[in-house]
Amino acid sequence: MSATRVLVLNSGSSSVKYQLLDMRDSRRLAMGLVERIGEETSRLKHTLLTTGDSREWNGPIADHEAALKAVSEELAKDGLGLDSPELAAIGHRVVHGGQTFTEPTVIDEAVLTEIERLIPVAPLHNPANLTGIRTAQALRPDLPQVAVFDTAFHTTMPESAARYAIDLKTADEHRIRRYGFHGTSHAYVSRATAELLGKAPEEVNVIVLHLGNGASASAVRGGRCVDTSMGLTPLEGLVMGTRSGDLDPAVIFHLMRVGGMSTDEIDTLLNKKSGLIGLCGDNDMREIRRRVDEGDEEAQLAFDIYIHRLKKYIGAYYAVLGRVDAVAFTAGVGENASPVREAAIAGLEELGLAVDGELNAVRSGEPRLISPAHARVAVAVVPTDEELEIAAQTYALVAVGKNS
Ligand code: ADP
């Protein structure tokens, strides 16, 4: 029997998300989440997708090792355990691959050392990703483990886009540059958009708007990223659920000198208490739209600031690309919030961009066009699937020659 299953692991500081897929037909077999690891009130939620049955377990889960063991036990109950010979590999989402990792990479000691070396530029994410990898290795030392980096898709950016205009020596010493994130999603969605247009990725230029709780835009020319809105960290760019996105860097000096705030306080303010939640107290677009419809002025202002920033990036990336074939909306807000899509594209007719009201109102999990027929530039909704992309990249790397 050939091994065709891939387990995708996304290890955060206090959570592990997982999906098990069968790559013969890209079918999802199981998925789940362990959250609040290290607390008394940890929770594991497991769903067997072949039947739709879910199980939940509540109680203390001390660390990532205990979490992965618990996941393995849940999978084993469904005959899908980590010890199964059908498991071909484990694919790990790794947030920061710096300039080193431009592609998915089979993990060995040297790779682990390099991911560790990148901790100073990804202090919140890479340590948790490393813990996830080491734990999975301990459980299945014989199995190939693959790292799929959030930054990899953006490594094709030219220096003119990746560099900040600061002293080169200082920048290089501290590895300060635009790395970009959500790369797996931008890669998947830009390719799926080309497919929707019936073209090869090399033939099309796409602006991808990944609008989830975190949000980023990218300009993709012929399948390669040429610019993206997140930077050294995921703080830069669009207005997000809880992050400010772009702001004058001097705001930080001002908050220190005049506001008397510490570095950590400002970090928390800008990453956790800004964006939509800072502007109106809610970060869920559904709630914001409900309030807007009731005439709530704060919610309206938050929505307007969100849209204004989005429009600026569409315009900027239009100029960067010169010719645009499609603008693709994706992730929680992009896939579901028709008023966001409508408002972001409104007034851009001169650029060949428009949204058809009826098409925009359709709710569907499928990639679809929402621009009027014969529009010069396509506007599309393309559901993202980062887990499938990680599984596909992992499988492509380890299955070569194995199952032939
Ligand atoms: P994450 O960045 O956590 O992966 P998602 O891509 O799942 O986020 O997006 C989550 C966000 O999507 C929510 O915070 C909410 O604002 C938005 N969202 C989800 N469903 C809807 C909906 N039906 N209408 C409007 N917004 C939605």
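Owing to the predicted nature of the structure, the values given are computational and were not obtained by experimental measurement. As the structure lists them, so they are numbered: ligands from 1, and atoms in each ligand from 1.
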task = Begin from the C-alpha positions of Asp53 and Lys77 and carry the test salt bridge (Lys or Arg N to Asp or Glu O under 4.0 Å) through to its verdict.
result = CA-CA 12 Å; Asp53 292 338; Lys77 284 182 199 162; over 6 Å; no

ask   = ligand 1 and Gly332, any nitrogen or oxygen pair closer than 3.5 angstrom?
value = yes

Closest approach of any protein heavy atom to [atom], naming residue and atom:
{"atom": "atom 1 (P) of ligand 1", "value": "Asn213 N, 3.8 Å"}
{"atom": "atom 17 (C) of ligand 1", "value": "Val333 CG2, 3.6 Å"}
{"atom": "atom 14 (O) of ligand 1", "value": "Asn283 O, 3.8 Å"}
{"atom": "atom 25 (C) of ligand 1", "value": "Arg286 CG, 3.5 Å"}
{"atom": "atom 15 (C) of ligand 1", "value": "Asp284 OD1, 3.4 Å"}
{"atom": "atom 23 (N) of ligand 1", "value": "Asn336 CB, 3.4 Å"}
{"atom": "atom 26 (N) of ligand 1", "value": "Met285 CB, 3.5 Å"}

Let me check something: any side-chain donor-acceptor pairs from residues 104-112 under 3.5 Å, sequence neighbours excluded? List them with distances.
residue: Thr105; atom: OG1; partner: Glu103; partner atom: O; Å: 2.8
residue: Asp108; atom: OD1; partner: Ala110; partner atom: N; Å: 3.1
residue: Asp108; atom: OD1; partner: Val111; partner atom: N; Å: 2.9

So that I can tick it off, tell me whether [Y] and [X] are bridged by a salt bridge, with the cut-off set at under 4.0 angstrom between side-chain N and carboxylate O.
{"X": "Glu74", "Y": "Arg55", "value": "yes"}
{"X": "Asp293", "Y": "Arg291", "value": "no"}
{"X": "Lys69", "Y": "Asp63", "value": "no"}
{"X": "Arg177", "Y": "Glu159", "value": "yes"}
{"X": "Arg290", "Y": "Glu294", "value": "yes"}

Close-contact set for ligand 1 against [X] heavy atoms, below 4.0 Å:
{"X": "Gly214", "result": "2 (O)"}
{"X": "Ala337", "result": "25 (C)"}
{"X": "Ala331", "result": "6 (O)"}

task = Using a distance threshold of 4.0 Å (strictly less than), state whether atom 4 (O) of ligand 1 has a protein heavy-atom neighbour.
result =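 It does not; no protein heavy atom is within 4.0 Å.
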
query = Going through the distances and angles, do Arg163 and Asp172 end up as a salt bridge (Lys or Arg N to Asp or Glu O under 4.0 Å)?
reply = CA-CA 10 Å; Arg163 286 272 187 194; Asp172 288 345; 2.8 Å; yes

remark   = CZ (Arg43) and CD1 (Ile61) are apart, to the nearest 0.5 Å, by 10.5 Å

key: Side chain, backbone, both or neither: Thr384 near ligand 1, heavy atoms under 4.0 Å   =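 Contact part for Thr384 vs ligand 1: neither.
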
